[in-house]
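Atom set for the values below is all heavy atoms of this structure, side chains included, hydrogens, waters and symmetry mates excluded.
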Amino acid sequence: MKETKQFETESKELLNLMINSIYSNPEIFLRELISNASDAIDKAKYLALTSNGNIALDDYRINIALDKKNKTLTLSDNGIGMSKDDIINNLGTIARSGSKDFVKKMKDNKDAKDVDIIGQFGVGFYSAFMVAKSIEVISKKLGEQAYHFVSDGQENYTIEECEKEGVGTDIIVHLKKGNKENSYDEYLEEYRIKELVKKYSDYIRYPIQMMVTKSKPKLDKDGKEIEGKYDEYQELETLNSMVPLWKKRKSEVKEEELNEFYKSKFSDYEDPLLSIQLNIEGKVDYSALLFIPSHQPYNLYSENYDKGLQLYSKGIFIKDKCPELIPDYLKFVKGLVDSDAFNLNISREILQTSPVLKTIADNIEKKIVDKLKELKTSDFDKYLKFWSAFGEHIKYGIYSTYGFKKDLLADLLIFHSLKEDKYISLKEYEDKMAKDQKYIYYASGSNLDSIKLLPQIEKYKNNDMDVLLLDNRIDEFAISMMREYDKKEFKSIASDTTDDISKEEQEKLDTVSAEHRRLLDNLKESLKDKVDDVVVSNKLVDSPVCISTKDGLSLEMEKTINEESTDGEKVNSTKVLELNPEHELFKIFASIEQDDEMVKEYATVLYDEALLLEGYDVSNKQDFVKKLNALIVKAFQK
C-alpha cells in the first residue's frame, strides 16, 4: 500500500536550501550519490566481517546505467540497503545522518575506528535535485521487505512495498528538461559520466561500472575487415582506478608511475623535478603526493594563478585548489592531500577552518623543505635547476615572513661569491671564514659583473676575503630580514659603519679629515641634495670614490622599491660620499681646497664618478665630461 508523507516542517526549508544554495555546481550530484553507495557498501562489508560467518561477503560494486529514451540515470549498489524506517529517517528527514548513527552505535567496538564512513546520506542524496525533476529509490535490507520511495523534492514523498532482487539500493534520477543555462542531457552521455567519475570518484575503493558503447571493425563474409565500417557493441567497463597512487607503499610505486601521474593530473609536458610521497600516521593521519615542477608554470606570476593543493577526503575529490595547505612562497608546488580528518561542511565544498588543516599544512611545508635540503646535498646539479626556477620564492619566504622562517629556509640559500666561481651555501661561506672575521660580507648589484667592479670590493680582494654577490632584486631584502646566520651578522660592503676598522686606521682617517675639513664641508654643502655626508675612507684601493649608505637601505634596495612603487611615493637612502685620500683625484681637489667656489663647481664630478662606479647612470653626462676634462687640464698645467 502506497503511503504519502509530508516532509517535516524544518526539513522543507532545508530541502529548498540544499537544492538551491548549498551546492554550487550541479555536476557534484554524481559524486554524492557514489559516495553514499560507497558508504552503504562499507556498512555491509563491516557487518559481514563481524557476523561470525552468518553474513556472507559479496562481490561489492557500484553500477551506473543510462537511459536516454526515458532520460534517467540509475545508480545501484549492493550495500547494506534500507528498511522502511531507514528510508523515512534518512530521506524523509533531511540532513539526518545515517552514517553518524552507525558510527555512534559502533563507538564502543574496538574495530569501529577501522570503519571508513563517508558523509551524511540524507544531505548528499538531495543534491541530485539540482538535476532531477524526481527521484526514485528502491532499497532492500538483508532479511527485510524492499521499499520504493519517490519524491519530487517539493512538499512530500511516497513510500510503498515493492519487489527487488538482492540487497542494496537503486537510485533512479529522472533528469530535468534542459534550458539555456543547463543541458541536463549531458548526464546521459557516457563520456561525461566517465569524466565525472574520473574527476571526483576515481579512488572509491569499490569498482564503479557502466555498460559503454565500443566499436570494432566490421568484417565481410570472409572475415576480413571492411575499411571505414564498424560494428558497435556494449561492454561493461570499470570507470575508476580504485586504489589511489598515494595510498600505496613507496616501495610499490615506481618513479615512472609518479611522473606519468603528475603529467596527466597537472597537465605538464615535462616530468617533475622532484616527487614527494607522504603517508603520515600520528596526531593527524594523512597521505599526500607533492610535485616540484622542472620549470616555472607559464602563469606563475599572473593574477590568474591560483596556488593550492587538491583536496581529497577518504579518496573522494573535494576541492581543486586548497590554498590553506601551502604557503605563498611554495605556491609553485603541485599535488594533493587526502585525509579522513578534514572538517568539511555539509556540501563537502568548503573547508572549514580547523587546527587539523594547519597541522597538515605545517607538516607539508617542513617535508618539502627537508626534501629540498636532501636534494641540495645529494644532487647539487639538480638542485641548481630547482634554484634557477624557484630560488626567488625561497628568498621571498624569508622576506615575506619578516625573517620568521629564516631558520627553516636559510640552508636552502645559495649565492655566487667573489672567490668562488660557483654557487655556495651560507654554511660553506662560514666554514671558510678567517678566524678573526666577524661578519658575513655581501655586495649587491644588478648583475655579477657589475658587482665585481664595485670600488668597495677592491679591499676584500686585496685581503683575500670572500664576499657574497647578491645579483637578484630580492636578495638584499631577504638578507636584511635574516640579519644573521649561525650567529654571524650579515654586513654590506657598502655600509658606512666602521666598527671593523682598527684603531690605527681610524686615527689616520681622523687626521686626514681634520686636515681637509674645509674641503669635506664644502663638498657636503655642494652635494646636500644628493648625499648626507662626505668623508674620507679606508675602503678604497684603486678607486677614487664610492657611495655608502646608512640605516640598512642600500642603493640597490632604493632602486628596486622606487621602480616597483605604484603610488608615486619614492624612498631615499641615506647616502655618504666616501673619498680615497691616497688617490690622485683627491689630491687634485686638495690642491684647490682654498678655492671654495671651484670646489663647489666640481663637486658633482666626484658624485657622478661614484655613481658610475656603482653601476648607475649620471643625470648629465655632458656636464660630467666637461668638468672632468677641466680638472685634468688643471692638473697637467700644474
Side-chain angles (χ1 to χ4, degrees), residues 292 300-301 303 305-309 322-333 353 355 357-373 376 386-387 389-415 425-427 429-430 438-445 468-497 499 548-567 569-574:
I292 295 176
L300 184 62
Y301 295 104
E303 293 180 358
Y305 184 84
D306 294 322
K307 70 161 187 166
L309 303 179
C322 183
E324 297 89 346
L325 284 169
I326 205 80
D328 283 345
Y329 75 92
L330 293 177
K331 68 178 184 177
F332 55 85
V333 175
T353 303
L357 182 64
K358 187 177 187 310
T359 297
I360 293 177
D362 289 346
N363 200 327
I364 284 175
E365 179 184 8
K366 187 175 185 304
K367 293 291 184 183
I368 293 171
V369 172
D370 287 346
K371 196 72 175 179
L372 287 172
K373 288 178 180 177
K376 181 166 157 287
F386 160 79
W387 190 256
F390 305 113
E392 284 187 29
H393 293 263
I394 301 303
K395 290 175 275 193
Y396 176 75
I398 295 173
Y399 172 69
S400 63
T401 60
Y402 302 97
F404 179 75
K405 292 186 183 293
K406 67 177 183 179
D407 292 337
L408 177 68
L409 302 176
D411 286 324
L412 292 179
L413 298 175
I414 54 175
F415 300 98
S425 67
L426 296 178
K427 184 69 170 64
Y429 180 97
E430 182 189 33
K438 295 190 295 182
Y439 303 102
I440 297 175
Y441 293 103
Y442 69 87
S444 62
L468 297 177
L469 309 181
L470 312 187
D471 62 334
N472 191 286
R473 287 188 165 201
I474 198 173
D475 287 348
E476 202 168 359
F477 292 92
I479 290 294
S480 66
M481 289 300 173
M482 288 182 68
R483 299 183 181 275
E484 62 179 25
Y485 172 78
D486 195 23
K487 298 182 180 179
K488 299 289 193 308
E489 186 179 341
F490 290 104
K491 184 175 181 180
S492 170
I493 66 169
S495 168
D496 81 323
T497 54
D499 53 351
S548 61
T549 57
K550 294 180 178 180
D551 305 325
L553 184 65
S554 70
L555 292 177
E556 193 66 21
M557 294 172 78
E558 175 190 277
K559 176 184 174 184
T560 299
I561 293 171
N562 289 337
E563 285 181 350
E564 296 182 358
S565 174
T566 57
D567 57 7
E569 292 291 327
K570 300 293 183 180
V571 299
N572 291 295
S573 58
T574 305

Under a 3.5 Å distance rule, please check whether [X] uses its side chain to pair with a backbone N or O of [Y] as donor and acceptor.
X: Thr401; Y: Ile398; result: yes
X: Asp475; Y: Asn472; result: yes
X: Asn562; Y: Glu558; result: yes
X: Tyr429; Y: Tyr441; result: yes
X: Lys406; Y: Met482; result: yes
X: Lys491; Y: Tyr442; result: no
X: Lys307; Y: Pro323; result: yes

4.5 Å side-chain heavy-atom contact, [X] and [Y]:
X: Thr574; Y: Leu553; result: no
X: Lys570; Y: Ile561; result: no
X: Tyr329; Y: Lys395; result: no
X: Phe386; Y: Ile394; result: yes
X: Ile474; Y: Thr560; result: no
X: Leu469; Y: Phe415; result: no
X: Asp411; Y: Leu426; result: no
X: Ile292; Y: Leu372; result: yes

Query raised in the report: Would Ser400 and Asp328 count as a side-chain contact (heavy atoms from CB on, under 4.5 Å) if you check the C-alpha gap in whole Å, the side-chain angles of each, and the deciding distance to 0.1 Å?
Result: CA-CA 9 Å; Ser400 63; Asp328 283 345; 5.9 Å; no

Requested in this report: Answer yes when Lys358 and Asp362 have at least one side-chain N-carboxylate O distance shorter than 4.0 Å, and no when they do not.
Outcome: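 Salt bridge: yes.
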
Query raised in the report: Does Lys488 come within less than 4.0 Å of Glu430, counting only side-chain N to carboxylate O?
Result: yes

With rounding to the nearest 0.5 angstrom, report the [atom1] to [atom2] distance, [X] to [Y].
X: Cys322; Y: Leu309; atom1: SG; atom2: CG; value: 7.5 Å
X: Tyr305; Y: Leu300; atom1: OH; atom2: CG; value: 5.5 Å
X: Ile364; Y: Leu330; atom1: CD1; atom2: CG; value: 10.5 Å
X: Thr549; Y: Glu556; atom1: OG1; atom2: CD; value: 11.0 Å
X: Leu413; Y: Tyr485; atom1: CG; atom2: OH; value: 9.0 Å
X: Ser425; Y: Leu412; atom1: OG; atom2: CG; value: 10.5 Å

Query raised in the report: Do Tyr439 and Glu484 pass the side chain to side chain donor-acceptor pair (under 3.5 Å) test, and can you show the C-alpha distance, the side-chain angles, and the key distance before you say yes or no?
Result: CA-CA 9 Å; Tyr439 303 102; Glu484 62 179 25; over 6 Å; no

Requested in this report: Determine, step by step, whether Glu365 and Leu408 satisfy the side-chain contact (heavy atoms from CB on, under 4.5 Å) criterion, reporting the C-alpha distance in whole Å, the side-chain angles of both residues, the deciding distance to 0.1 Å, and the verdict.
Outcome: CA-CA 10 Å; Glu365 179 184 8; Leu408 177 68; 3.6 Å; yes

**Report entry** Qualifying residue for ring pair (Phe, Tyr, Trp, His ring centres under 6.0 Å) with His393, from Tyr399, Trp387, Phe332
**Finding:** Phe332

[X] to [Y] - nearest heavy-atom pair and separation:
X: Lys376; Y: Ile414; result: CE-CG2, 3.8 Å
X: Leu555; Y: Ser573; result: CD2-OG, 3.9 Å
X: Glu476; Y: Ser444; result: OE1-OG, 2.7 Å

Query - Heavy atoms of other groups near Tyr402 OH, more than 12 under 6.0 Å - result: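 Incorrect, the count does not exceed 12.
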
Query - CA sep, side-chain torsions, deciding dist, call: Lys550, Ser495, side-chain contact (heavy atoms from CB on, under 4.5 Å) - result: CA-CA 6 Å; Lys550 294 180 178 180; Ser495 168; over 6 Å; no

